[in-house]
Protein chains: 2
Amino acid sequence: MANTTALTEEDVCQRIRDSILEQRIAPGTKLTEESLCGIFGVSRTTIRRVFLLLSKDNIIRLERNKGATIAAPTVEEAHQVFEARRATEKALLRRAAERVQPGDIAHLRAHLEEEQTALNEADLAAWIRLSGEFHIKLAHIARNEPMCTFLQQLVFQSSLIISQYGTAGAPSSCKGGEHERLVDALEHQDAETAQTIMAEHLRGIESQLSFETEETGQDLHVIFAAAS
Amino acid sequence: MANTTALTEEDVCQRIRDSILEQRIAPGTKLTEESLCGIFGVSRTTIRRVFLLLSKDNIIRLERNKGATIAAPTVEEAHQVFEARRATEKALLRRAAERVQPGDIAHLRAHLEEEQTALNEADLAAWIRLSGEFHIKLAHIARNEPMCTFLQQLVFQSSLIISQYGTAGAPSSCKGGEHERLVDALEHQDAETAQTIMAEHLRGIESQLSFETEETGQDLHVIFAAAS
DNA sequence: TGCCATTAAATTGTTGACAATTTGGTGACA
DNA sequence: TGTCACCAAATTGTCAACAATTTAATGGCA
């Protein structure tokens with residue numbers, strides 16, 4: 001009831017992206033057009049455009065005559081996403097170290113404050129989102145739009161992967177002050193150190209996932225083929 | 001009249017992508033929905049989906065109530081695309097060198113044959129397309145879907161950039177047997193050499209562009225402002 | 001002539017109805 | 001009871017008419 005103006009297509013995308021970044025929506029969730037029309041108060045046309053756009057980001061999976069579901073990355077896809085992140089963020093950091101400006105550092109430190117606040121207030125959803133957004137903000141310092149957009153896609157997919165394969169016990173994101181150390185290294189334009197921290201950081205996140213256990217949907221073939 | 005079955009959405013995308021890769025369509029070209037409906041024999045609904053998908057790849061530019069045009073990258077965007085290619089293809093080559101298999105090399109050599117044939121037959125359009133596709137095939141050897149898809153986008157954008165800023169005299173693509181040398185290096189799993197060749201290769205392509213001269217469309221303002 | 005408001009044509013955006021497909025359930029029958 | 005065919009509901013796909021916007025053209029007016 002807060003907003004009477006109609007939501008635009010990009011608004012809806014953002015809302016869905018946020019819910020993924022905060023891990024409030026599970027991979028594999030079925031999204032029917034009509035229900036989303038009701039929720040966001042937009043027409044089916046808009047929702048269908050949103051589905052198409054998000055499917056390009058591998059956030060939503062579209063199957064003909066079957067509708068849309070929140071993407072549920074396979075183990076293979078998950079590894080490829082993290083491999084891509086290692087390569088991309090490493091390259092971005094080198095350029096970021098060359099191009100970083102004082103204002104960037106201030107901005108990042110303000111972001112770190114927010115992360116800390118969310119952590120103190122035990123606002124887990126906000127903290128998870130901020131952890132992801134940190135990597136995106138870091139990327140922007142490199143001033144390369146195509147690579148930033150690409151990394152953004154990877155971060156959203158990572159969020160889905162963590163939703164799916166994350167061990168419940170340990171919050172599988174950036175602890176140990178690695179974000180802080182990244183900002184420090186960047187402030188000194190130390191690309192090498194930043195890259196090393198980032199590599200460890202991403203390996204750390206990936207290592208906290210458990211890929212051995214159950215899968216979703218299509219892998220039943222493999223499971224039951226072996227059992228019979 | 002060759003095909004009576006209706007073209008699907010992906011077919012239309014591919015046709016448009018091909019025409020860009022062969023540089024048969026100029027950046028900035030206006031695409032009206034109705035005309036494309038007639039050309040491809042599909043409904044407006046399909047064309048609109050195609051526009052939306054290709055706009056996500058930065059191949060088509062969508063402006064609200066203004067319709068679609070073939071993207072016309074700015075100089076700044078062009079530099080960023082090539083920077084992204086250098087970073088991405090370098091990373092891809094390292095992984096490709098680790099994972100390359102004999103079949104891959106055979107496949108690449110067959111592709112080189114095609115390139116040579118097109119060159120001998122003076123089929124310029126085909127040769128330009130094949131030159132671009134070489135980089136995409138190379139990327140696939142690294143077995144990383146997200147990065148492959150990303151590179152694909154960059155290659156298409158490169159094609160637009162070359163259309164726009166390429167000097168007419170020299171065909172601003174891969175000569176000097178650099179593609180051959182890349183395959184050789186890859187066959188010996190020599191990532192370092194491959195990366196060096198690729199870096200030179202991309203710099204070479206970029207250096208053949210002329211960013212000083214005229215621009216398209218909106219830059220007329222600047223041009224005539226200076227002249228008056 | 002040059003400029004500006006008004007109008008007509010062309011193009012894009014949106015909506016709703018209808019068709020096609022999938023999904024879930026019911027009941028007949030072995 | 002278990003299986004299969006069939007039917008009904010729900011969901012997605014398509015299309016055509018209509019609304020809104022932009023673009024081009026015309027004609028008045030200084």
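In this text the structure is predicted, and so the values were computed from the model without any measurement. Proteins get letters first, then strands, A, B, ... in listed order; numbering begins at 1 in each.
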Practice task
Would you indicate what B:Ile47 reaches in the nucleic acid, counting non-hydrogen atoms under 4.0 angstrom: base, sugar-phosphate, or nothing?
Solution key: nothing

Exercise for the section: Answer whether the closest heavy-atom distance between the side chains of A:Thr69 and A:Ile60 falls below 4.5 Å. Expected result: no

Completion exercise
Whole-Å distance, A:Lys66 NZ to D:dG13 P, equals 11 Å

Problem - Between D:dC15 (P) and B:Arg48 (CZ): distance, integer Å - result: 15 Å

Handout entry: Separation of atom CD in A:Glu63 from atom P in D:dG13, rounded to whole Å
Key = 11 Å

Practice task
Extract, from 5' to 3' on DNA chain C, the first and final nucleotides lying under 4.0 angstrom from some heavy atom of chain A.
Solution key: C:dT14 to C:dT23

Problem - Any donor-acceptor N/O pair, B:Thr46 side chain to B:Val42 backbone, under 3.5 Å - result: no

Exercise for the section: Nearest whole angstrom, please: distance from the P of D:dT12 to the CZ of A:Phe51. Expected result: 7 Å

Practice task
Let me see the working for A:His111 and A:His179 under side-chain hydrogen bond (donor to acceptor under 3.5 Å, both in side chains), right down to the final yes or no.
Solution key: CA-CA 10 Å; A:His111 183 94; A:His179 284 186; over 6 Å; no

Exercise for the section: Tell me which residues in residues 35-45 of chain A put a heavy atom below 4.0 Å from DNA chain C, sorted by number, or none. Expected result: A:Ser43, A:Thr45

Exercise for the section: Taking atom types as modelled, find out whether A:Asn144 and B:Gln80 have a side-chain donor-acceptor pair closer than 3.5 angstrom. Expected result: no

Practice task
Would you tell me whether A:His140 and A:His107 have side-chain atoms, one donor and one acceptor, within less than 3.5 Å of each other?
Solution key: no

Exercise for the section: Take A:Asp104 and A:Arg143 through the salt bridge (charged side-chain N to carboxylate O under 4.0 Å, His left out) test and state the conclusion after the steps. Expected result: CA-CA 11 Å; A:Asp104 297 326; A:Arg143 268 91 185 174; 2.9 Å; yes

Exercise for the section: Determine which pairs satisfy salt bridge (charged side-chain N to carboxylate O under 4.0 Å, His left out) with at least one residue from residues 24-43 of chain B, sequence neighbours left out, and list them in order. Expected result: B:Glu22-B:Arg24, B:Glu33-B:Arg44, B:Glu33-B:Arg48

Practice task
Answer with base, sugar-phosphate or nothing: what part of the nucleic acid does A:Leu62 contact at a heavy-atom distance below 4.0 Å?
Solution key: nothing

Practice task
Kindly determine whether B:Ser158 and B:Arg85 satisfy side-chain hydrogen bond (donor to acceptor under 3.5 Å, both in side chains), including the steps that lead there.
Solution key: CA-CA 9 Å; B:Ser158 300; B:Arg85 279 192 67 167; 2.9 Å; yes

